Number of protein chains: 2
Amino acid sequence: MSGATNPDLAVRLREAGLRPTRQRVALARALFEVEHRHVTAESLHAEAKAGRNPVSLATVYNTLNQFRDAGLLREVVVAPGRSYFDTNTGHHHHFYVETDGELHDFPSDKVTIAGLPAPPKGTRLSRVDVIVRVRR
Amino acid sequence: MSGATNPDLAVRLREAGLRPTRQRVALARALFEVEHRHVTAESLHAEAKAGRNPVSLATVYNTLNQFRDAGLLREVVVAPGRSYFDTNTGHHHHFYVETDGELHDFPSDKVTIAGLPAPPKGTRLSRVDVIVRVRR
DNA sequence: CAAGCAGTTTAGAACAATTCTAAAACTGCA
DNA sequence: TGCAGTTTTAGAATTGTTCTAAACTGCTTG
Ligand SMILES: [Mn+2]
Ligand SMILES: [Mn+2]
Ligand SMILES: [Zn+2]
Ligand SMILES: [Zn+2]
């Protein structure tokens, strides 16, 4: 399992207009070959370094931004200076545990948001984010 | 409220446990003697400098943080490195115009959020933030 | 109202997160 | 195999914010 290249990932990257380089594939595996996750640039960098796929921090940032721009990831900002990259790009919302910085998904299909006003004129809806902040 | 019978800002600051210094009163007036607003530290600093109440940037940050901690302001984080301080501390939500960084309030009383899951165990609800992201 | 002290302000240093730079290393392709 | 374009990288730079330590000011007390 380790070391083998996953052709699906390479294809997925190519389809996103990104060359499947060693670094990008390594990061993509860490991100997409497991359950949905929420990583920071620092945490992913530490993880890559700990395994044996060292990737520079600049490349981690570049890659996360590219993946996000390609729609492979979504970025969630919960607090000043705390940006998470989320492998779950479908509709869902978040619990943010303020006391320890943890972020948890919850599905949006049982949540109903009714009565939202129309967007300011001249604007188009992009996304509705719900962040439920909790404390221990 | 900021109308005819101008509430004594000095009293308000004292009640918050803050000495009504020249700088704090100047910033409080800019913030609370007009309609609700959303400022950044930079924008408030620029505004103070442009009027004739120059206040150091460090003091602007200190003051905004103190006002927030005292419940006079609330902080809204919408994008990496973009923290707004909001003079509207009541229940309400936001439109964020991603294309130009503008933040607009909308009342929460007509919005219904139903079916939110229970907070993760061991945690207590702190606040629910809804950010409606739109683009021009 | 003067002294004194805690609380406050300030410039500038320090920091943390992120982006930029420019040179070296790759990749895909002719 | 050579080459052009792309990617990676270390380190510098930038940005937003906090910290430091010295100067200053608001408030209390004598
Ligand atoms: Mn970014
Ligand atoms: Mn803060
Ligand atoms: Zn998520
Ligand atoms: Zn607001």
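Below, chain A is the first sequence line, B the second, and so on; all start at residue 1. Only this structure's heavy atoms are used, side chains among them; waters, hydrogens and symmetry mates stay out. These figures come from a predicted structure and were not determined experimentally.
The list of side-chain hydrogen bond (donor to acceptor under 3.5 Å, both in side chains) pairs with a residue in residues 110-127 of chain B, not counting sequence neighbours, reads A/E98-B/S126, B/R127-B/D129.
A distance-only check finds a donor-acceptor pair linking the side chain of B/T21 to the backbone of B/R24 [under 3.5 Å].
Nearest nucleotide to the side chain of A/R24, out of D/dG11, D/dT8, C/dT10: D/dT8. For A/N62, the listed nucleotide lying nearest its side chain is D/dT9; candidates were D/dT18, C/dT19, D/dT9. Listed nucleotides C/dT9, D/dC19, D/dT17 differ in distance to B/A41; the shortest reach to its side chain belongs to D/dT17. Closest to the side chain of B/L57, out of D/dT9, C/dA11, D/dT17, is D/dT17.
Between the CD atom of B/Q23 and the P atom of C/dG7 there is a distance of 17 Å, rounded to whole Å. Counting to the nearest Å, the P atom of D/dT18 and the CG atom of B/N65 are 5 Å from each other. Look at CG on B/L13: it is 15 Å from C1' on D/dC27, rounded to the nearest Å. Put simply, CG on A/L27 is 13 Å from C1' on D/dT7, counting in whole angstrom units. Straight-line distance from the CD atom of B/E75 to the P atom of D/dG16: 14 Å, rounded to whole Å. The CD atom of A/E42 sits 10 Å away from the P atom of C/dA16 (whole-angstrom rounding). Between the OH atom of B/Y61 and the P atom of C/dA11 there is a distance of 15 Å, rounded to whole Å. If you take CG of A/L44 and C1' of C/dA17, they are 15 Å apart, rounded to a whole angstrom.
Checked against A/F67 for a side-chain contact (heavy atoms from CB on, under 4.5 Å), the options A/T87, A/L73, A/T89 give a single hit: A/L73.
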Self-check item: Nucleic acid footprint by protein, nucleotides 25-30 of chain C - heavy-atom cut-off 4.0 Å, B for base, S for sugar-phosphate alone
Solution: --BS--
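B/S83 comes within 4.0 angstrom of sugar-phosphate atoms only, judged by non-hydrogen atoms across all strands, and of no base.
At the phosphate of D/dT9, OP1 or OP2 sits under 4.0 Å from a side-chain N or O atom of A/T59.
Using a 4.0 Å cut-off between charged nitrogen and carboxylate oxygen, B/R37 and B/E47 count as a salt-bridge pair.
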Pair up each side-chain donor or acceptor in residues 51-60 of chain B with any protein partner under 3.5 Å, not counting sequence neighbours, and list the distances.
| from | atom 1 | to | atom 2 | distance (Å) |
| --- | --- | --- | --- | --- |
| B/S56 | OG | B/T59 | N | 3.1 |
| B/S56 | OG | B/T59 | OG1 | 3.1 |

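Ring centers of A/H94 and A/H38: under 6.0 Å apart, within the cut-off.
Both the sub-6.0 Å distance and the 45° axial angle are satisfied by A/R12 relative to the ring of A/F32.
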